[in-house]
Amino acid sequence: MSLPHAILTALLEKPSSGLELTRRFDKSIGYFWSATHQQIYRELGKLERDGAIRALPRQGVTRGQKKEYEVLPAGREELARWTAASQDPKPPRDTLLLRLRAAAVVGTQGIREDLHRHLELHRRQLAEYEEIEKRDFPPGKDSVEDRLRHVVLRAGIDLETFWTQWLTRAIEELEAP
């Protein structure tokens, strides 16, 4: 996935300003594809120069108003092309796993505490995802669009479940006599 495609997706869901996109990334897309405020604004400029999006015409006074963007046909076509294309999974890159491997050769100082900290962070993220699921996906909400969004959320729930279970076992393993 790439940032331009994430932005096109978000703008097709709802035309937005850069600030609104940043806030929406923090609440949804950012759970699986993060971007800083600066990255979003830089990418908005590129997408606009490439003819994929445009700033909506402003009504009345323009000074101090946020620019809102919408996706143009070329942007929709690019997103559809990208969505339909096949992509191989990428190998995982996780600093914690690399640090554990390194601890096997240099010592485990600080590792146990950090594993506990990671476990708590993943438990909190899991609880947040489960709360979003209860709030946003009640029984009967089953359009294709809703099911796709729910599948993405379920991926987050399943990943957090994996991490909490794996970290629990890793801690038990390290603390075993």
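The structure displayed is predicted, hence computed values, not measured ones.
For the pair Gln165 (side chain) and Phe162 (backbone), a donor-acceptor distance under 3.5 Å is absent. Using modelled atom types, one side-chain atom of Lys141 and one backbone atom of Asp136 make a donor-acceptor pair closer than 3.5 Å. Between the side chain of Thr164 and the backbone N or O of Thr161 there is at least one donor-acceptor pair closer than 3.5 Å. Side-chain N or O atoms of Arg24 include one that pairs as donor or acceptor with a backbone N or O of Lys14 at under 3.5 Å. Remark: side-chain polar atoms of Ser34 are not paired, donor with acceptor, to backbone N or O of Gly30 under 3.5 angstrom.
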- Item | Trace of the side-chain contact (heavy atoms from CB on, under 4.5 Å) decision for Tyr69 with Lys67 | CA-CA 6 Å; Tyr69 295 92; Lys67 247 193 218 186; 3.2 Å; yes

- Given Arg76 and Leu72, is the side-chain contact (heavy atoms from CB on, under 4.5 Å) satisfied, shown in steps? CA-CA 6 Å; Arg76 181 181 283 276; Leu72 295 172; over 6 Å; no

- Query: Stepwise, does the side-chain contact (heavy atoms from CB on, under 4.5 Å) test hold for Val71 with Leu47?
  - Reply: CA-CA 9 Å; Val71 177; Leu47 288 166; over 6 Å; no

- Task: Any chance you could lay out the side chain to side chain donor-acceptor pair (under 3.5 Å) test for His116 and Glu175, step after step, and finish with the verdict?
- Result: CA-CA 11 Å; His116 283 282; Glu175 293 178 350; 2.9 Å; yes

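Remark: Glu43 CD to Leu3 CG distance equals 5.0 Å, nearest 0.5 Å. A distance of 5.5 Å separates CZ of Arg81 from NE2 of His5, quoted to the nearest 0.5 Å. With rounding to the nearest 0.5 Å, the separation of CH2 in Trp33 from OG in Ser28 is 14.5 Å. Taking CD1 of Ile157 as the start and CG of Leu126 as the end, the distance is 7.0 Å to the nearest 0.5 Å. Note that CD of Gln39 and CZ of Phe25 are 9.5 Å apart. Values are rounded to the nearest 0.5 Å. Remark: His122 NE2 to Tyr129 OH distance equals 10.0 Å, nearest 0.5 Å.
Remark: Arg54 engages Glu70 in a salt bridge, criterion side-chain N to carboxylate O under 4.0 Å. Comment: Asp158 engages Arg154 in a salt bridge, judged by a side-chain N to carboxylate O separation of less than 4.0 angstrom. Salt bridge Glu172/Arg169: absent, no basic N to carboxylate O contact under 4.0 Å.
Within the 4.5 Å cutoff, the side chain of Ile40 has no heavy atoms near those of the Thr36 side chain. With contacts defined as side-chain heavy-atom distances shorter than 4.5 Å, the pair Arg49/Lys46 qualifies. Looking at Leu115 and His118, their side chains never come closer than 4.5 Å, going by heavy atoms from C-beta outward. Inter-residue side-chain proximity for Glu130 and Glu160 is flagged as unmet; no heavy-atom pair is nearer than 4.5 Å. Between Leu44 and Leu11, the closest side-chain pair of non-hydrogen atoms falls below 4.5 Å. When side chains are defined from C-beta on, Arg149 does not count as touching Leu153, because their heavy atoms never get closer than 4.5 Å. Side-chain contact between His37 and Leu19 is present, with at least one heavy-atom pair separated by less than 4.5 Å.
Hydrophobic clustering (ILVMFWY, side-chain heavy atoms < 4.5 Å, transitive): Ile132 and Leu159 are in distinct clusters. A single hydrophobic cluster is not seen to contain both Tyr41 and Leu56; linkage of ILVMFWY side chains at heavy-atom distances under 4.5 Å, directly or through other members, places them apart. Following chains of ILVMFWY side-chain contacts shorter than 4.5 Å, one can reach Leu79 starting from Phe32, so the two form part of one hydrophobic cluster. The cluster map of Ile, Leu, Val, Met, Phe, Trp and Tyr, joined by side-chain heavy atoms under 4.5 Å apart, puts Trp163 and Val152 in different clusters. Leu174 and Leu167 fall within the same hydrophobic cluster, defined by Ile, Leu, Val, Met, Phe, Trp and Tyr side-chain heavy atoms under 4.5 Å apart, directly or through other members.
Of all non-hydrogen atoms in Ala74 and Gly51, the two that sit nearest each other are CB-O, 3.6 Å. Residue Ile29 comes nearest to Ala10 through the heavy atom pair CD1-CB, 3.9 Å, listed as atom of the first residue, atom of the second, then distance. Nearest heavy-atom pair across Glu20 and Pro15 is OE1-O, 4.4 Å.
Side-chain contact check for Tyr31 and Glu128: at least one donor-acceptor pair (N or O, by modelled atom type) lies under 3.5 Å.
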Acceptor/donor pairs from residues 95-110 side chains to any protein atom, 3.5 angstrom cut, sequence neighbours excluded:
residue: Arg99; atom: NH1; partner: Asp114; partner atom: OD2; Å: 2.6
residue: Arg99; atom: NH2; partner: Asp114; partner atom: OD2; Å: 3.3

